[in-house]
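Structure, as structure tokens:
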Amino acid sequence: MVLEATMICIDNSEWMRNGDYSPSRFQAQADAVNLICGAKTQSNPENTVGVLTMAGKGVRVLVTPTSDLGKILACMHGLEIGGEMNLAAGIQVAQLALKHRQNKKQQQRIIVFAGSPVEYDKKVLEMIGRKLKKNSVSLDVVNFGEDDEAKAEKLESLVSAVNNNDSSHVVHVPAGPNNLSDVLISTPIFTGDGEGGSGFAAAAAAASAGGVSGFEFGVDPNLDPELALALRVSMEEERARQEAAAKRAAEEAANQDKGDKQPDSQDATMSENVAAGTSESESKGADLMEDDNALLQAALAMSMDDSSSNITPRDTDMSEAASEDPELALALQLSVQDSMNDQSDSTDMSKLLADQSFVSSILASLPGVDPNDPSVKDLLASMQSQSESQEKDEDDKEPKDEEKK
């Protein structure tokens with residue numbers, strides 16, 4: 001790609017009001033200027049373009065060479081039309097602006113739009129052309145508007161004086177249905193010195209000037225297939241990423257809605273389970289209470305039976321046999337002492353059972369036994385009555401034994 005600094009000379013004379021080019025000469029010229037500026041800046045990011053007018057009160061530089069396409073396009077709005085075109089002064093001012101360019105490595109080029117008659121002699125134009133060639137400045141001329149052979153001859157002499165290795169061109173655009181920019185796209189003014197191509201220049205100019213390009217992403221795949229493929233792959237990856245993000249967001253929203261509905265059913269299930277567990281625990285606790293009460297009652301009854309048993313017929317037989325056998329009598333005496341000790345123990349036990357506070361403390365220490373339970377209270381009351389009746393019987397027996405003695 002050519003590194004270039006370009007100055008575009010615009011014809012804003014009274015001749016630009018004519019409507020032989022759609023919609024007018026000046027508007028057709030402005031559209032062509034916009035496309036050329038876009039093509040130049042897009043062909044190389046370091047290229048610069050400047051714009052000046054050749055009519056009116058004098059030559060006026062609108063924009064010095066810059067790579068800011070927005071600034072270049074903005075300068076085209078609100079231009080005043082009037083006066084005569086001063087071609088020689090416009091070319092000399094453009095050459096001076098290029099001489100003061102910032103990047104000295106840029107090649108210099110002047111593009112002139114001549115839509116009105118040329119008043120200068122051929123010799124003056126040839127002298128200007130030789131000066132441009134001496135300073136290594138290329139020149140492109142767009143001849144439109146006035147179909148004059150003398151004008152075309154003067155412009156061709158100017159370009160011939162500047163031309164060096166076919167670096168300068170002149171293009172004649174007759175009036176007709178085609179726009180000025182459509183004709184210039186296929187000319188060397190867009191293609192340059194054979195680099196790039198008309199297709200690339202047109203696509204770049206349309207993309208830069210805000211036009212609509214016929215290619216996807218504004219790139220012709222025939223000219224740059226690698227760039228077109230990279231742009232397409234990047235676009236597909238971005239689309240896939242956006243679709244995945246949207247799907248993930250939808251799934252999260254669905255899970256959140258489902259989570260909001262589940263707690264109600266879970267709470268109901270939990271309450272049912274808790275109620276069922278409470279009823280089961282209460283029934284199990286009642287069963288354990290009944291079993292403990294039954295075991296306690298059986299134990300107390302067995303102890304009462306043991307304590308209430310005194311003399312049996314077998315003891316009578318043994319006493320009769322002991323009177324005959326002294327050793328047997330001694331053995332019976334020892335067993336009687338043991339039984340008396342057992343009776344005293346049972347008596348102490350019955351006294352302890354008669355003490356309600358002691359029994360209540362014992363029952364409270366037992367696991368699963370409630371001393372305040374009605375069934376436990378009834379059992380203790382019955383045990384107390386039995387102990388009282390037993391003590392009464394023992395008290396009745398003691399006077400009888402004393403009478404026998």
Side-chain angles (χ1 to χ4, degrees), residues 1-13 29 32-34 36-76 79 83 85-114 118-143 154-171 188-190 192-193 195:
M1 294 182 182
V2 178
L3 181 60
E4 199 171 56
T6 306
M7 282 298 296
I8 300 177
C9 301
I10 298 176
D11 185 0
N12 60 330
S13 63
Q29 178 185 218
V33 170
N34 291 340
I36 291 176
C37 292
K40 294 295 183 181
T41 55
Q42 287 295 318
S43 62
N44 193 318
E46 295 184 7
N47 282 355
T48 57
V49 179
V51 180
L52 60 82
T53 57
M54 297 182 294
K57 296 180 180 180
V59 177
R60 182 178 135 195
V61 177
L62 302 178
V63 178
T64 56
T66 178
S67 59
D68 188 355
L69 183 60
K71 186 183 296 185
I72 299 170
L73 300 179
C75 75
M76 298 295 296
L79 288 179
M85 179 185 68
N86 191 343
L87 179 62
I91 293 175
Q92 292 175 356
V93 173
Q95 180 184 358
L96 185 62
L98 292 175
K99 182 178 180 181
H100 294 284
R101 67 190 183 281
Q102 293 182 352
N103 189 355
K104 300 302 180 180
K105 294 182 180 180
Q106 292 175 328
Q107 297 183 13
Q108 305 173 75
R109 181 176 294 275
I110 298 174
I111 300 177
V112 176
F113 283 85
V118 177
E119 302 295 337
Y120 290 93
D121 294 335
K122 183 187 298 184
K123 295 182 178 179
V124 175
L125 295 177
E126 290 178 351
M127 184 179 63
I128 295 173
R130 288 192 294 269
K131 188 176 181 181
L132 293 177
K133 182 177 181 180
K134 181 180 179 181
N135 295 324
S136 301
V137 179
S138 301
L139 177 66
D140 292 330
V141 178
V142 178
N143 179 23
K154 291 178 181 179
L155 294 176
E156 288 178 356
S157 299
L158 173 63
V159 172
S160 298
V162 179
N163 196 5
N164 183 15
N165 296 326
D166 198 20
S167 61
S168 301
H169 313 87
V170 58
V171 177
I189 295 178
F190 268 90
D193 297 333
E195 297 188 12

Exercise for the section: Check G90 against C9 and note the closest heavy-atom contact, atom names and distance. Expected result: O-SG, 3.9 Å

Handout entry: Whether K133 side chain and N164 backbone form a donor-acceptor pair below 3.5 Å
Key = no

Problem - pair L155-V141: side-chain heavy atoms closer than 4.5 Å - result: yes

Exercise for the section: Not counting sequence neighbours, which residues clear side-chain contact (heavy atoms from CB on, under 4.5 Å) with D140? List them please. Expected result: R109, I111, H169, I189

Problem - With sequence neighbours excluded, residues passing salt bridge (charged side-chain N to carboxylate O under 4.0 Å, His left out) with D11 - result: none

Handout entry: N86 CG to E119 CD distance, which is reported to the nearest 0.5 Å
Key = 10.5 Å

Handout entry: With N163 via side-chain hydrogen bond (donor to acceptor under 3.5 Å, both in side chains) - residues at least two apart
Key = none

Distance-only donor-acceptor hits, side chain of residues 93-106, under 3.5 Å, sequence neighbours excluded:
from : atom 1 : to   : atom 2 : distance (Å)
R101 : NE     : N103 : O      : 3.3
R101 : NE     : Q106 : O      : 3.1
R101 : NH1    : L98  : O      : 2.9
R101 : NH1    : Q108 : OE1    : 3.4
R101 : NH2    : K104 : O      : 3.1
R101 : NH2    : Q106 : O      : 3.3
N103 : OD1    : K105 : N      : 3.1
K104 : NZ     : K99  : O      : 2.8
K104 : NZ     : R101 : O      : 3.2
Q106 : OE1    : T48  : OG1    : 3.4
Q106 : NE2    : E46  : O      : 2.7

Exercise for the section: Drop me the distance from C37's SG to K71's NZ, to the nearest 0.5 angstrom. Expected result: 13.5 Å

Enumerate, atom names and distances included, each donor-acceptor pair closer than 3.5 Å involving a side-chain atom of residues 58-68, sequence neighbours excluded.
from : atom 1 : to  : atom 2 : distance (Å)
T66  : OG1    : D68 : N      : 3.2
D68  : OD1    : G70 : N      : 3.2

Handout entry: Residues in side-chain contact (heavy atoms from CB on, under 4.5 Å) contact with E156, at least two apart in sequence or another chain
Key = V170, H172

Problem - Exercise: identify the closest heavy-atom pair between Q29 and F113 - result: OE1-CB, 3.0 Å

Fill in the blank from the handout: Heavy atoms of V162 and V137 approach each other most closely as CG1-O, 3.3 Å

Problem - N47: side-chain hydrogen bond (donor to acceptor under 3.5 Å, both in side chains) partners, not counting sequence neighbours - result: S43

Problem - Close side-chain approach of L87 to I91, heavy-atom, < 4.5 Å - result: yes

Fill in the blank from the handout: Sorted by chain and number, sequence neighbours left out, salt bridge (charged side-chain N to carboxylate O under 4.0 Å, His left out) with K122 holds for E153

